[in-house]
Amino acid sequence: MGAKQKAKKTFKEWQAAADALEINGQAFIDGQYQPAKSGKTFYCLSPVDGRLLGKVAACDEADANLAVASARAAFNSGVWSRQAPASRKQVIMRFAYLLNANAEELALLETLDMGKPISDSLRVDIPAAARALRWSGEAVDKIYDELAPVPHDQIGMITREPVGVVAAIVPWNFPLLMACWKLGPALAAGNSVVLKPSEKSPLTAIRIAQLAVEAGIPPGVLNVVPGYGHEIGSALALHMDVDTLVFTGSTRTAKQLMIYAGQSNMKRVWLEAGGKSPNIVFADAPDLKKAAKAAASAIAFNQGEVCTAGSRLLVESSIKDQFVELVIEALKKWKPGHPLDPATRVGAIVDQTQLKQVLEYIEAGKQAGAALRLGGNRIESENGGYYIEPTLFDGVSNAMKIAQEEIFGPVLSVIAFSDMEEAIAIANDSTYGLAAAVWTSDLSRAHKMAKALRTGMVWINQYDGGDMTAPFGGYKQSGNGRDKSLHAFEKYTEVKATWIALD
Ligand code: NAD
């Protein structure tokens, strides 16, 4: 079946497929599915309706040791690391193909595990994850090394080599996609990987280990160790034989991982962390209705559980009231619904802890005196799931907690500004620096803004642009290094200088 036919499954058919789904919760180490060494498991519950999806291996230090040893042995053997890039490329392309070929099952696992709408899992997450693998695979046999401009009797070679064993710790908001942003370049460059999915969304990572083997990735080259972050995650971060740690998740955990690296073997640490992105609308925006629709999508898509969510909406005072009305109108179309219904655009919040956190922020907004103009409530609690209405606060000051801290839910703060200088000052007054958007018809102002914004990504007259060709990552406490594009390979390779005397 083609992807288009698959999208046509009805709500009932998805529910039946969910009931029939077989779920594997085991770790995958050295080419084999296996329980955690301790035999411990944890319950994997669905935020869709609270159902028990299965028991998942609770890996800890003992499993980290096994997985890292297997990854190291595979790396040293050269079975993958010394294959020609063109040959690794073929395997990674097959891996990508298998993700797409199993898209329905993977989409269902993703939706049941973390609550996002099935239409998003099927049309956004899984194809984008496959694209990330394919792009990195396709790129790797087109990257050349360098020769240094040295004297006639010397040769100076500057080469890039795989780092060795990579531990990848990923979050729950785009579980498979974040994993594949790491796996693509890490595997393409010839490394062995130990992947640790979030305890809130481990299922697709576990499933794709088998697809990797089917694609031809040798045992030990990709290991998957589910479990709680503070046990298995810290064991990997403190491990003396992990060369590089790549991470996507919260800034709090990111800082802890830097400490772990310093306490252990000074492994390289690359961090994609939180955000509080400003979406800045000037009165001369080319199309205010389009900008309002984008502002709504920027906070409601994926339940607002997006690192680049446009959570601070900065609007020029002269159009602020009119623009807020347009955004409210657009946001009303983002009504939470059952994630297995193909018509649903907003699904469930990932778990009870996250739900509570979002509701506490909404309360903090009210307490601080911001004007609640839309939403603010938990809904549909009777079915056992975790749903929150898209919420809009007007009259927010940038000093308020709801404007400073990452909420990671569908809560939008509207902040007025009077001119470009003030917009820049407010936008940059954040510990984060992931992304920003600017809406204006003035070309020179667009460029001035793009230069002044202290963020890793800037979008002009759109929100959330980009594809695999553009680097993704942030300034300040949003992290270091970049995922996607050729820049991602910098994380997964060491640079070597070799000097040869010809005399
Ligand atoms: P989190 O930091 O709680 O967890 C991320 C991962 O780290 C999980 O696998 C978790 O188990 C693990 N972990 C937690 N504590 C750990 C510890 N002490 N040692 C080792 N590992 C540990 O983040 P989250 O709630 O899963 O994800 C949401 C966050 O991710 C948000 O802040 C969001 O902005 C960020 N994010 C960033 C990007 C980006 O590219 N910049 C993309 C997506 C999400």
Side-chain angles (χ1 to χ4, degrees), residues 42 56 58-61 64 113-114 116 125 128-129 132 167-182 194-202 204-205 224-239 242 245-261 263-264 267 269-277 301-311 349-351 353-355 357-358 405-409 430-435 455-457 464 466 470-485 488 491:
F42 63 93
V56 175
C59 293
D60 60 21
E61 190 181 347
D113 211 1
M114 66 71 67
K116 69 174 65 201
D125 290 63
I169 300 182
V170 294
W172 49 263
N173 63 334
F174 294 91
L176 188 60
L177 182 57
M178 294 303 102
C180 288
W181 280 7
K182 317 285 187 208
V194 180
L195 173 65
K196 195 214 88 66
S198 167
E199 54 276 22
K200 299 183 187 189
S201 61
T204 44
V224 182
V225 284
Y228 284 94
H230 57 277
E231 288 173 12
I232 180 68
S234 59
L236 291 171
L238 284 163
H239 205 288
V242 167
L245 177 62
V246 289
F247 171 79
T248 297
S250 65
T251 294
R252 194 172 47 127
T253 307
K255 289 182 179 182
Q256 186 59 44
L257 297 182
M258 295 178 101
I259 294 171
Y260 287 152
Q263 285 171 340
S264 54
K267 54 181 70 64
V269 188
W270 300 101
L271 307 162
E272 299 286 345
K276 193 76 195 174
S277 299
F301 173 67
N302 212 49
Q303 304 71 244
E305 297 163 331
V306 182
C307 54
T308 51
S311 51
I349 297 290
V350 71
D351 68 0
T353 312
Q354 186 66 17
L355 177 93
Q357 182 174 310
V358 177
E405 295 181 16
E406 184 181 47
I407 299 176
F408 228 54
S430 170
T431 53
Y432 297 111
L434 191 54
T455 59
M457 292 164 284
D464 217 0
F472 188 105
Y475 285 24
K476 299 195 267 182
Q477 292 185 38
S478 289
N480 64 333
R482 295 294 181 267
D483 279 335
K484 306 202 295 180
S485 82
K491 295 181 177 180

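Counting starts at 1 for both ligands and their atoms, in listed order. Numbering of residues begins at 1 and proceeds along the displayed sequence. Source: prediction; values computed, not measured.
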What is the distance from atom SG of C59 to atom NZ of K196, rounded to the nearest 0.5 Å? 9.5 Å
If you take the nearest heavy atom of each of G233, G249, A309, which one is closest to atom 29 (C) of ligand 1? G249
Below 3.5 angstrom, do we get any N/O pair linking S250 and ligand 1? yes
Is a side-chain N or O of D125 found less than 3.5 angstrom from the main chain of L176, in a donor-acceptor match? no
Taking heavy atoms and a distance under 4.0 Å, where does F247 meet ligand 1: side chain, backbone, both or neither? side chain
Can you tell which part of L434 has a heavy atom less than 4.0 Å from ligand 1: side chain, backbone, both or neither? side chain
Of the protein's non-hydrogen atoms, which lies at the shortest distance from atom 26 (O) of ligand 1, and what is that distance? W172 CD1, 2.9 Å
If we only consider heavy atoms of L257, is any one of them less than 4.0 Å away from an atom in ligand 1? yes
Region of M178 engaging ligand 1 - heavy atom pairs below 4.0 Å: side chain
Checking the side chain of T251 only, and the main-chain atoms of Q477 only, is there a donor and an acceptor separated by less than 3.5 Å? yes
Please check if the side chain of N480 supplies one atom and the backbone of V269 the other of a donor-acceptor pair under 3.5 Å. yes
For ligand 1, does R252 get within less than 4.0 Å through its side chain, its backbone, both, or neither, judged by non-hydrogen atoms? neither
Any nitrogen or oxygen of Q256, main chain or side chain, under 3.5 Å from a nitrogen or oxygen of ligand 1? no
When you measure from the side chain of T455 to the backbone N and O of L434, does any donor-acceptor pair fall under 3.5 Å? no
Part of A254 with heavy atoms under 4.0 Å of ligand 1, whether side chain, backbone, both or neither: neither
